[in-house]
Amino acid sequence: MNQKGGVGKTTTSVNLAAALAQAQRRVLLVDLDPQGNATMGSGVDKRGLAKTVYHVLLGLNELAGARVHMERGGYDLLPANRELAGAEIELVELAGRETRLKEALERVAEDYDYVLIDCPPSLSLLTVNGLTAAHRVLIPMQCEYYALEGLSDLVGTIKRVRAHLNPQLEIAGLLRTMYDPRNTLSQHVSQQLEQHFGDKVYRTLVPRNVRLAEAPSYGVPAVLWDQASKGAQAYIALAAEILAQGQPA
Ligand SMILES: Nc1ncnc2c1ncn2[C@@H]1O[C@H](COP(=O)(O)OP(=O)(O)O)[C@@H](O)[C@H]1O
Ligand SMILES: [Mg+2]
């Protein structure tokens, strides 16, 4: 989650899902963004899907009937498309509007070791559903001058969700994305993040890497498209780092 767009949320979700699946974990990836980028990047055509996360949130379909298994990626996907934008408005009228995703996921919890939720770039009701359903929040951040701007709003939202909806919610870590080691600003911001947030910063650095950017156009996670690439290797290392931390209780 990060309410900024273009920081690597979807790239992280899709590649982490594939990397955890490669490590023999049972993974569900939930696309919670009406842009449907995680859906397309997984190789599912978002147009004309009959059952999506939208139908699950509105209680029109069970999650078990809407998920799709990704043969290549090795994980399950709960897809999304533009229809999800309407859920923002339609949910407001419904009971338990913040806990809809949580309740749907509880019914399939036994099927998975990890559930990854790719949030939209906003602090919207959809995002609140994601945060209410989650144990932990991974925050991808680009190592640029404005990286920290907006972080306090995000932390404020996390605190509010913790106080009212999900007491166990915690920040898993900050993930540095699109890192360019030749860029001194990139190095500087990266060091500042380490100084301020200590062990809440993942050791793994995701470099700027063209394979990560081009893989979505082939509908395959970069982890499978070019496993040897620096970008894929970073996400495989991130998966190992997360597996080493163990699962939340
Ligand atoms: N490490 C990276 N190196 C190069 N391009 C990247 C990297 N991470 C993401 N991108 C590209 O940057 C753009 C934004 O990334 P994306 O994951 O969609 O961000 P978000 O989901 O936060 O909006 C996409 O075009 C993506 O392919
Ligand atoms: Mg995205």
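Atoms within a ligand are numbered from 1 in the order they appear, just like the ligands themselves.
Shown here, atom 13 (C) of ligand 1 is out of close reach of the protein: none of its heavy atoms lies under 4.0 Å off. Atom 24 (C) of ligand 1 is never approached by the protein to below 4.0 angstrom, counting heavy atoms only.
Judged by the shortest distance from any of its heavy atoms, Leu212 lies inside the 4.0 Å radius around the atoms of ligand 1. By the 4.0 Å heavy-atom criterion, Val206 is counted among the residues contacting ligand 1. Using a 4.0 Å cutoff on heavy atoms, Gly6 counts as a contact of ligand 1. Contact analysis puts Gly5 in contact with ligand 1, with a non-hydrogen atom separation below 4.0 angstrom.
At least one N or O atom of Lys9 sits closer than 3.5 Å to an N or O atom of ligand 1.
At a cut-off of 3.5 Å, with distance as the only test, a side-chain donor of Thr204 or Glu241 sits close to an acceptor on the other residue. Defined by atom type and a distance below 3.5 Å, a donor-acceptor pair is present between the side-chain atoms of Thr10 and Asp118. With 3.5 Å as the limit, one finds no donor-acceptor pair spanning the side chains of Asn81 and Thr52. For Gln233 and Gln227, the side-chain atoms include no donor-acceptor pair closer than 3.5 Å. There is a side-chain donor-acceptor pair under 3.5 Å between Glu88 and Ser124.
Nearest to atom 6 (C) of ligand 1 among the protein's heavy atoms is Met178 CG, 4.1 Å. Ranking protein heavy atoms by distance to atom 3 (N) of ligand 1, first place goes to Asn209 N, 2.9 Å. The protein non-hydrogen atom at the shortest distance from atom 5 (N) of ligand 1 is Ala213 CB, 3.7 Å. When only non-hydrogen protein atoms are considered, atom 19 (O) of ligand 1 lies nearest to Gly8 N, 3.0 Å.
Salt bridge present: Asp226 and Arg211 bring a charged side-chain N and a carboxylate O closer than 4.0 Å.
Clustering of Ile, Leu, Val, Met, Phe, Trp and Tyr by side-chain heavy atoms under 4.5 Å joins Tyr179 with Leu205.
At least one N, O or S atom of Thr10 sits under 2.8 Å from the Mg ion (ligand 2).
Under the 4.5 Å side-chain heavy-atom criterion for grouping Ile, Leu, Val, Met, Phe, Trp and Tyr, Leu224 is not connected to Leu16 through any hydrophobic cluster. Val210 and Tyr218 fall into different hydrophobic clusters, where Ile, Leu, Val, Met, Phe, Trp and Tyr side chains are chained together by heavy-atom contacts under 4.5 Å.
Of the candidates Thr10, Val14, Val7, Thr11, the one placing a heavy atom closest to atom 21 (O) of ligand 1 is Thr10.
Sorted by first and then second residue, the pairs that involve residues 70-79 and meet side chain to side chain donor-acceptor pair (under 3.5 Å), not counting sequence neighbours, are Ser42-Tyr75, His69-Asp76, Asp76-Tyr112.
When non-hydrogen atoms are compared, ligand 1 lies under 4.0 Å from neither the backbone nor the side chain of Pro121.
Every atom of ligand 1 is numbered from 1 in the order shown, and the set under 4.0 Å from a heavy atom of Pro207 is 1 (N), 2 (C), 3 (N).
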